[in-house]
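Comments concern the structure below.
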Amino acid sequence: MNIEATKLELMHLLLQTQKESLLEKLKKVFEEEKTDWWDDLDSEDQKNIEIGLNQANKGQHISDKEAMNRFKKWH
C-alpha cells in the first residue's frame with residue numbers, strides 16, 4: 001500500500017472512532033515523533049545561525065531598510 005492510501009485509510013479510521021483514549025494515544029505518538037527544525041540543520045548551518053544571533057545581540061546588524069537599499073543597488 002502506498003503512503004497516500006495509508007493516510008486515507010488512517011483518516012477514515014480516525015473519523016470513525018469515538019474512543020477518546022485511542023485519540024489521545026495517537027496524539028501522543030505524533031507529539032513524540034515531532035522533530036525540531038533545528039535538529040534537521042547540519043552543524044555548519046547551526047553554527048552560522050548562532051554567529052548571526054550573537055552579532056545581532058551585540059548590535060552588529062543593519063536595519064531592514066538599509067539591507068533593502070543595498071539589495072536594490074545590486075539589481
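Below, each value reflects all heavy atoms present in this structure, side chains not excepted, and no hydrogens, waters or symmetry copies.
Residues Trp37 and Phe30 are members of separate hydrophobic clusters, defined by side-chain heavy-atom contacts under 4.5 angstrom among Ile, Leu, Val, Met, Phe, Trp and Tyr.
Applying the salt bridge (charged side-chain N to carboxylate O under 4.0 Å, His left out) rule to pairs touching residues 42-66 yields Glu66-Arg70, sequence neighbours excluded.
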Under 3.5 Å, sequence neighbours excluded: what are the donor-acceptor pairs made by side chains of residues 4-27?
residue: Thr6; atom: OG1; partner: Asn2; partner atom: O; Å: 3.1
residue: Thr17; atom: OG1; partner: Lys19; partner atom: N; Å: 3.1

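For the side-chain hydrogen bond (donor to acceptor under 3.5 Å, both in side chains) test, no residue two or more places apart in sequence or in another chain qualifies with Glu32.
Panel note: side chain Gln46, backbone Trp38; a donor-acceptor pair is recorded below 3.5 Å.
In this structure, Asn54 CG and Ile51 CD1 are separated by 8.0 Å, a value rounded to the nearest 0.5 Å. In this structure, CD1 on Ile62 lies 11.0 Å from CE on Met68, to the nearest 0.5 angstrom.
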